[in-house]
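Down below is the structure, laid out as structure tokens.
In what follows, every heavy atom counts, from backbone to side chain, and hydrogens, waters and symmetry copies are set aside. To find a chain, count down the sequence lines: A is the first, B the second, and so on, and within it residues start at 1.
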Protein chains: 2
Amino acid sequence: MVTLAEVAQHAGVSASTVSYVLSGKRSISAGTRQRVEQSIQELGYHPNAGARALASSRSNIIALMVPLRTDMYVPVMMEIAIAVATTARTHGYDVLLLTGEEGPDAVRRVTGSGLADAMILMDVELDDERLPLLRDTDQPSVLIGLPADTSGLTCVDLDFRATGALCVEHLATLGHREIAVIGEAPAVYERHTGFAERTLDGLRSRARELELRVLHRPCEGGYDAMAATLARIFDERPGTSGFVVQNESAVEPLLALLRQQGRAVPEDVSVIAVCPEQVAMQASVRLTSVAIPAPEMGRRAVEQLVAKLDGRETEEVVLLAPELTVRASTGPLSGG
Amino acid sequence: MVTLAEVAQHAGVSASTVSYVLSGKRSISAGTRQRVEQSIQELGYHPNAGARALASSRSNIIALMVPLRTDMYVPVMMEIAIAVATTARTHGYDVLLLTGEEGPDAVRRVTGSGLADAMILMDVELDDERLPLLRDTDQPSVLIGLPADTSGLTCVDLDFRATGALCVEHLATLGHREIAVIGEAPAVYERHTGFAERTLDGLRSRARELELRVLHRPCEGGYDAMAATLARIFDERPGTSGFVVQNESAVEPLLALLRQQGRAVPEDVSVIAVCPEQVAMQASVRLTSVAIPAPEMGRRAVEQLVAKLDGRETEEVVLLAPELTVRASTGPLSGG
DNA sequence: ATAGGTTGTCGAAGCGCTTCGATACCCGCT
DNA sequence: AGCGGGTATCGAAGCGCTTCGACAACCTAT
């Protein structure tokens with residue numbers, strides 16, 4: 001293993017000079033810099049992470065806490081995680097992967113041990129038990145998702161309220177008056193994950209303004225659950241002609257069932273999904289959708305975090321504007 | 001920030017004693033141990049990770065390198081990653097998340113800097129450019145997936161060859177004589193990812209023994225690609241009655257298309273998928289499938305790695321036995 | 001010429017921990 | 001009484017790096 005001292009000796013300078021070449025924190029003459037860089041190359045030197053962390057109290061690591069559960073849309077999580085890792089690298093940080101399993105203890109452990117300089121939390125509940133800890137420590141953190149009280153926190157999320165509103169508006173424009181919302185699994189609502197409720201809020205309040213009727217049904221993923229849910233919906237509101245789906249694993253079952261029941265999409269009923277682009281485009285009907293911009297969310301979270309680590313001021317809440325893409329699953333209400 | 005020295009002072013012992021209490025590397029009297037532990041509690045002490053790493057040359061971190069691409073089945077990746085993180089924690093390790101983006105450089109960086117004690121690589125290609133580096137260094141590593149040459153490496157994977165054979169056997173038992181294989185996207189084969197080829201191998205050789213005909217078609221995910229592929233298959237082999245699908249994003253399109261063409265599953269055609277349990281159970285037809293045991297793979301990988309780190313001997317290749325679960329998508333060939 | 005300011009480099013201290021003798025003590029033997 | 005052999009604890013060195021203050025060398029501006 002090559003050390004700083006060996007590089008210094010090889011280049012004929014002192015250790016501190018090498019350190020300053022590496023960090024750029026003091027000016028170094030062109031000649032010296034070059035010799036040092038040359039030595040680093042030749043010896044294949046890599047600074048020792050532990051020593052660096054100890055001396056500088058900076059680990060250059062960002063902790064990312066992902067949920068352990070898989071009842072929510074997994075690819076979104078993965079995309080966010082990958083975007084976080086990628087973006088972090090461009091800022092010189094590595095990413096430590098924590099699962100939600102340890103809960104608040106993980107926050108204590110990481111904060112206390114200096115394992116990471118900062119952390120990003122995913123799948124934040126409205127009244128998350130980790131939040132008090134985050135407010136207490138001076139270790140920077142960013143949430144992906146919105147808790148009930150964002151004071152003293154930095155959050156990044158899609159503007160789900162606007163997302164809900166956008167869906168309603170689109171359906172309203174097409175002439176639909178009765179809308180059904182296929183939501184996430186009941187567990188997601190019970191857990192008080194904010195995004196599902198916020199979407200619903202936005203949906204409902206815009207619907208009220210536009211005088212549409214909204215029926216909301218949480219739904220487990222899969223074919224059977226969807227079949228039962230759909231039956232109940234048409235039973236209760238036979239006039240339903242628009243669907244908003246916020247549950248990836250209900251999309252394909254819904255389409256199959258509608259087809260099976262002889263309801264054509266988009267001639268008879270329109271369907272809008274809130275899902276990643278890929279899902280919308282790979283479905284058996286190209287779906288009109290509001291995209292969940294997972295990579296963007298991961299990227300922004302890291303950027304906020306790096307800004308904080310650099311001592312820059314940041315906004316408290318970053319809400320990404322939803323974008324609706326019209327594809328083949330929505331159309332004007334025929335007949336009336 | 002609380003340090004070891006402060007704990008020592010509080011407990012009235014020397015720093016080294018506290019260290020030994022923590023590590024258990026020397027015997028400590030019950031009384032002293034108790035006092036120290038008490039002090040640790042009261043002060044809320046957490047050992048500093050950097051200092052520990054520096055002094056012991058052990059970071060207690062395992063690096064996990066996930067592929068950057070998303071052309072393969074993402075939930076499997078995520079499940080593996082989560083299983084790795086969870087299992088690692090039970091052994092006292094944390095997980096550093098690396099993306100494939102940096103390629104071999106990431107291996108050098110991590111190895112050189114002592115950031116991690118060991119690494120796990122996912123999505124290994126048959127002739128992966130990272131392998132020479134791994135063989136060179138004495139840092140332990142485990143691959144999830146099999147390269148062409150496994151000498152000097154430790155690998156964990158599903159026995160895809162046996163998986164292929166198992167699928168053929170099941171279909172043969174049911175009387176099917178012409179089988180079509182819907183494979184991964186062409187890019188996956190071009191990249192020489194081993195698992196796809198191994199499945200095919202197992203499939204073909206068992207088919208030869210049992211005198212079945214096999215037609216293999218790689219397939220991009222999605223509806224359109226599947227439609228084109230399916231048309232070609234029936235064009236070429238009208239008698240095809242059994243399908244093996246190894247491409248999660250082709251499953252639902254395939255089922256939809258068969259339905260649409262008036263081919264009943266499993267009465268007219270049988271379908272077996274190689275996919276995670278959840279996908280098999282949530283599909284519009286409950287799928288007979290060979291499970292991809294993602295969590296098990298992650299767990300085993302970590303266990304192998306920890307064994308190596310502890311200086312224990314390990315097998316070179318761990319192949320998990322495939323398990324076929326019969327559900328509603330396969331049945332005896334009717335008519336003949 | 002000299003005071004004052006830059007610029008480039010060095011030496012040393014110290015980050016918080018682990019670990020290796022060394023030491024002190026107690027026990028049971030002879 | 002004296003000795004070998006545990007057991008429990010301590011002190012000090014050192015892991016590889018960053019960073020601060022010091023200092024020499026040089027450049028202006030008086």
Revision key, fill the gap. Rounding to the nearest 10°, end axes of the helix from C:dA1-D:dT30 to C:dT30-D:dA1 built from five pairs each make an angle of 50°
Listed pairs under 3.5 Å, donor-acceptor, residues 33-40 of chain B side chains, sequence neighbours left out:
unit_1	atom_1	unit_2	atom_2	d
B:Arg35	NH1	B:Ala11	O	2.8
B:Gln38	NE2	B:Glu42	OE2	2.8
B:Ser39	OG	B:His10	ND1	2.8
B:Ser39	OG	B:Arg35	O	3.1

Revision key, fill the gap. Hits for side-chain contact (heavy atoms from CB on, under 4.5 Å) against A:Pro295, two or more places apart or cross-chain, chain-then-number order -> A:Glu79, A:Ala83
**Study point:** Contacts of type side chain to side chain donor-acceptor pair (under 3.5 Å), residue B:Asp310, not counting sequence neighbours
**Key:** B:Arg312
Check your understanding: Expressed in angstrom and rounded to an integer, what is the separation of B:Leu54 atom CG from D:dC15 atom P?
Key -> 9 Å
Practice item. Return the set of residues passing side chain to side chain donor-acceptor pair (under 3.5 Å) with B:Arg108 (not counting sequence neighbours), or none when no residue passes. Key: B:Asp105
Point to revise | Under 4.0 Å protein heavy-atom contact, by nucleotide of nucleotides 17-23 of chain D - B base, S sugar-phosphate only | key: BBBBBB-
Point to revise | salt bridge (charged side-chain N to carboxylate O under 4.0 Å, His left out) partners for B:Asp159, two or more places apart | key: none
Point to revise | Set of side chain to side chain donor-acceptor pair (under 3.5 Å) partners for A:Thr86, sequence neighbours left out | key: none
Point to revise | Selection: residues 6-14 of chain A, any non-hydrogen atom under 4.0 Å of DNA chain D | key: none
Check your understanding: Under 4.0 angstrom, heavy atoms only, what part of the nucleic acid is A:Ile28 near: base, sugar-phosphate, or nothing?
Key -> sugar-phosphate
Revision key, fill the gap. Hits for side chain to side chain donor-acceptor pair (under 3.5 Å) against A:Asn60, two or more places apart or cross-chain, chain-then-number order -> none
Review point. Quick one: is B:Ser29 getting a side-chain N or O under 4.0 Å of the D:dT7 phosphate, OP1 or OP2?
Key: no
Review point. Got a sec, which residues hit side-chain contact (heavy atoms from CB on, under 4.5 Å) with A:Arg299, two or more places apart in sequence or on another chain?
Key: A:Thr87, A:Glu296, A:Glu303
Review point. Any salt bridge between A:Glu101 and B:Arg89, counting N to O under 4.0 Å?
Key: no
Identify all side-chain donor-acceptor contacts of residues 47-54 of chain B below 3.5 Å with residues at least two apart in sequence or on another chain.
none

